[in-house]
Amino acid sequence: MSARKLLEKLGQEALRFRPVAGSWHKPAISAKNAARLRKETLAEGGEWAYERAAEPARRRKPKGHKHDREKPLREAEIARKLEQADQRIADYRAAQHAPMREASLMDRLLLTPKQIRQKVKNG
């Protein structure tokens, strides 16, 4: 069936996507063929009855840059971590110096600090 006959038979529905059983089906007449039919109809002096109404442009707030949107969250996270920083530094230093205090005198004299830490770690 030609596109013109199909358009006469189905009308506006031939140009629209439609949901069928939960999935969208393409129009019976493609946009390319619809444009060709419209052009032919207008060239013959006829009127195209299937014009779509122009929708007004929607104005919405610009999204902006991600780093600007997330800056308050990032600053709050930094402030929260700064509160814990002193305690974490103290814990780290204690962990670094603990093997040296626990090592025997011979280990402290003969081994480097890194070797002592590895010896404690490996058991």
Side-chain angles (χ1 to χ4, degrees):
M1 182 178 288
S2 74
R4 189 173 297 277
K5 288 181 183 176
L6 192 59
L7 185 61
E8 290 172 4
K9 179 180 174 186
L10 298 176
Q12 183 71 27
E13 291 302 312
L15 303 173
R16 290 191 179 147
F17 284 90
R18 60 196 184 285
V20 177
S23 64
W24 287 90
H25 286 230
K26 62 183 181 180
I29 300 175
S30 70
K32 182 178 178 179
N33 281 332
R36 183 183 51 79
L37 287 174
R38 179 180 181 274
K39 184 177 177 182
E40 290 172 1
T41 304
L42 294 176
E44 293 170 359
E47 184 177 322
W48 184 251
Y50 309 105
E51 287 289 344
R52 291 176 41 195
E55 296 179 11
R58 296 182 189 147
R59 293 286 182 191
R60 62 182 186 178
K61 182 180 173 186
K63 196 170 179 182
H65 297 284
K66 183 177 179 182
H67 68 271
D68 290 334
R69 289 192 317 267
E70 294 183 354
K71 189 172 186 176
L73 297 173
R74 195 170 62 250
E75 288 174 349
E77 182 70 13
I78 289 169
R80 185 181 67 79
K81 294 222 174 181
L82 276 175
E83 291 173 0
Q84 302 170 355
D86 293 333
Q87 182 60 41
R88 293 188 65 169
I89 291 170
D91 293 345
Y92 173 77
R93 287 183 179 159
Q96 289 296 314
H97 295 297
M100 292 298 283
R101 285 192 296 271
E102 295 169 4
S104 68
L105 180 60
M106 285 301 281
D107 286 346
R108 281 191 273 173
L109 291 174
L110 298 175
L111 301 177
T112 64
K114 182 177 180 179
Q115 290 171 332
I116 293 172
R117 282 193 303 272
Q118 287 176 342
K119 183 177 179 181
V120 170
K121 182 179 178 181
N122 295 333

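With hydrogens and angles disregarded, no donor-acceptor distance shorter than 3.5 Å links the side chain of R38 to the backbone of W48. A donor-acceptor pair is defined here as one N or O able to donate and one able to accept, closer than 3.5 Å; such a pair exists between the side chain of R18 and the backbone of K26. Checked by atom type and distance alone, the side chain of E102 never pairs as donor or acceptor with a backbone atom of P99 at under 3.5 Å. In terms of modelled atom types and a separation under 3.5 Å, the side chain of S30 and the main chain of P27 share no donor-acceptor contact. Remark: side-chain polar atoms of N122 are paired, donor with acceptor, to backbone N or O of Q118 under 3.5 angstrom.
Using a 4.0 Å cut-off between charged nitrogen and carboxylate oxygen, E77 and R80 count as a salt-bridge pair. In summary, E8 and R4 do not engage in a salt bridge, as defined by a charged side-chain N under 4.0 Å from a carboxylate O.
Partners of R59 by side chain to side chain contact (heavy atoms under 4.5 Å, CB included), not counting sequence neighbours: none found.
Summarising the geometry of I29 relative to A3, their closest heavy-atom pair is CD1-O, 3.3 Å, with the distance given to 0.1 Å. Of all non-hydrogen atoms in R74 and H67, the two that sit nearest each other are NH1-O, 3.5 Å. Taking both residues in full, the closest heavy atoms of K119 and L111 are given as CD-CD1, 4.2 Å, listed atom of the first, atom of the second, then distance.
The neighbour count for E47 CD, taken as heavy atoms of other residues, nucleotides or ligands under 6.0 Å away, does not exceed 12. Summarising the local packing, CZ of R93 is surrounded by 12 or fewer heavy atoms from other residues, nucleotides or ligands at distances under 6.0 Å.
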